[in-house]
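Report on the following structure.
Just so we're on the same page: letters track the sequence lines, and every chain starts at 1. Values below: all heavy atoms of this structure, side chains included; hydrogens, waters and symmetry mates excluded.
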Amino acid sequence: MLQIQKIRSDKDFIIKKILEIRNINVADQINQIYDLDLQKRETQKSLDEFSSQMNVLSSQIGTEFKAGNIDKANDLKKQTTTLKDKIKLLKSSFMDLDNSIIDLLYQIPNIPNEIVPPGKLESDNEVIFSSDLSQIKNKELLPHWELCEKYDLIDFELGVKISGAGFPVYKGKGAILQRALIQFFLNQGNLDGYQELSVPHLVNESSGYGTGQLPDKEGQMYHVSVDDLYLIPTAEVPITNIYRDVILDYKDLPVKHVGYTPCFRREAGSYGKEVRGLNRLHQFDKVEIVQITNPNESYNTLDKMVNYIEGLIKKLELPYRKLKLCGGDLGFTSALTYDLETYSSGQDKWLEVSSVSNFETFQSTRLKLRFRNQDREIELAHTLNGSALALPRIMASLLEINQYQDGIKIPKVLRPYTGFDSI
RNA sequence: GGAGAGUUGGCAGAGUGGUCGAAUGCGGUAGUCUUGAAAACUAUUGUGCAGCAAUGUACCGGGGGUUCGAAUCCCUCACUCUCCGCCA
């Protein structure tokens, strides 16, 4: 959610940037917000004034009653009726205005950072780095779902039986490999100063609003209606919401957390090739990193996070590429996002394994996540997060890239975790 | 699932209709003292909104109501705790 103060001061800039880079025209909404905000402040002014008068009268009445001047008190009472009506009216229009503003604010995406390339299509994303694929491309390689069947690593049919499509069953060395990866990612996070958290997998409605999944993406989350809880689509939700309604001290920043959770996504509307094998699942495992920073540090931090995640991929010896997302691909809540994609040699396709974003104050406004700066003023913090990493697609790439005639070789860094060198 | 108790400022904990945004203690911050620290003492210390400011206004779990006036009374929802039952 954008801050209303920003709209007051920079409304034309916001409209221009969002149109230019995201290709979304929010002029109507922004102008409406602007007008409603003026009205709201106007209303508050008179509301405050009348409330003040009312408070004065009330305390006078109290004093008169105490002094025993019943008649005088009753006389004053009469004066309150019109005031009371006015206040009631103003209060309700104030609330209406406020709600309309919030509803509209929910519809405005984050202002993209100036370095976000404009564009609508995936092809407009800027490729910053790409591994050399010439050695791999010529080979004939099996897609991971065939490897999974061949070596009995992941059983998609079993998952269908017990849950439905998109809920695979990992077996034997397949399950161990995934666990090894999780362990490796968490340990790396710890080494890089991220405090590990193990958090709930179901969250309440307020948390959904806090990180922006609600109200816009309601249909993407599984909802447990009897208890009115949502299954988390990412660890970002519980981890970031820990800091909802919190005022940190500047000395506490940056806050760094790493957490492993399963993630649940309904993925309504997905079909065909994109859901084949491990490409897109309803339940998958992910290790996530989250940071909360001082605003003037956040872009520095974003770079560090990207480098860190890149480092993980390199350690796994996977070919990958790094993208800066264009305006059209940029998430609603993000100001700048880098995607990391590993190469799926069996599918000849890049798989998004991480998305690293700076949300600036977009989440912290909703979350009321603030900090007290060195001047002891209260300021909104910046929030960032990134996958480090998403397990199924890493598994897919890893299995495909490392396959040979009679097996699959395990990358060196994982061997201490798996206990075997190959499958 | 059954029965009961509760939700007040960073924490603990007063406050049951009128200068209560809220006593007191702890904690935090600044200072005095000290070579330094501790202790002691002094001062200060919630958040939002509007305003250049003075200041005004709102907030005592959420929402609604009664009243001239609500932290305090009523209704309702949510959550927490205790006991019993069940159970990894």
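Contact annotation for A:Gln5: backbone-only contact, meaning every heavy-atom pair under 4.0 Å involves sugar-phosphate atoms and none involves a base. Using a 4.0 Å heavy-atom criterion, one finds that A:Leu57 contacts no nucleic acid atom at all. Residue-level contact check: A:Asn74 touches neither bases nor backbone, having no heavy atom under 4.0 Å from any strand. Using a 4.0 Å heavy-atom criterion, one finds that A:Thr80 contacts the sugar-phosphate atoms exclusively. Counting non-hydrogen atoms under 4.0 angstrom, A:Ser59 reaches nothing in the nucleic acid. Within 4.0 Å (heavy atoms only), A:Ile378 reaches sugar-phosphate atoms of the nucleic acid but no base atom.
Using a 4.5 Å heavy-atom cutoff, the side chains of A:Glu122 and A:Asn125 are in contact. Annotation: side chain of A:Thr383 is not in contact with side chain of A:Tyr243 (no heavy-atom distance under 4.5 Å).
Base pairing of B:A53 is not made with any nucleotide, judged by Watson-Crick or G-U wobble geometry with both donor-acceptor distances under 3.5 Å. Remark: B:A70 base-pairs with no nucleotide; criterion is Watson-Crick or G-U wobble with both hydrogen-bond distances under 3.5 Å. Base-pair partner of B:G46: B:C59 (Watson-Crick or G-U wobble, both distances under 3.5 Å). Nucleotide B:G9 forms no Watson-Crick or G-U wobble pair with any nucleotide shown, as no partner meets the under 3.5 Å limit on both distances. Judged by Watson-Crick or G-U wobble contacts below 3.5 Å, the nucleotide B:G17 has no partner.
A:Ala381 approaches A:Ser364 most closely through the heavy-atom pair O-OG, 2.6 Å.
Here the nucleotide nearest the side chain of A:Asn55, chosen from B:G56, B:G51, B:A58, is B:A58. Listed nucleotides: B:U57, B:C68, B:C49. Nearest to the side chain of A:Met54: B:C68. Among B:G69, B:G46, B:G51, the nucleotide with an atom closest to any side-chain atom of A:Arg41 is B:G51. The nucleotide whose nearest atom lies closest to any side-chain atom of A:Lys66 is, among B:G18, B:U47, B:G56, B:G18. Residue A:Gln44 places its side chain closer to B:A50 than to any other of B:A50, B:U57, B:G46. Here B:U29 is the nucleotide among B:U47, B:U29, B:G51 with the atom lying nearest to any side-chain atom of A:Arg376. Side-chain proximity of A:Arg8 to B:G56, B:C49, B:C68: nearest is B:C49.
Under the 30°/60° scheme for interplanar angles, the aromatic rings of A:Tyr194 and A:Tyr308 are found to be tilted. Under the 30°/60° scheme for interplanar angles, the aromatic rings of A:Tyr222 and A:His282 are found to stand perpendicular.
B:G21 and B:G56 have their C1' atoms separated by 14 Å, given to the nearest Å. For the C1' atom pair drawn from B:G13 and B:C26, the interatomic distance equals 11 Å after rounding to whole Å. Separating the C1' atom of B:C79 from that of B:G61 is a span of 7 Å, rounded to the nearest Å.
With respect to A:Gln213, the side-chain contact (heavy atoms from CB on, under 4.5 Å) criterion is satisfied by exactly one of A:Val203, A:Ile232, A:Val237, A:Thr333: A:Val237.
Between A:Phe50 atom CZ and B:G56 atom P the separation is 18 Å, expressed in whole Å.
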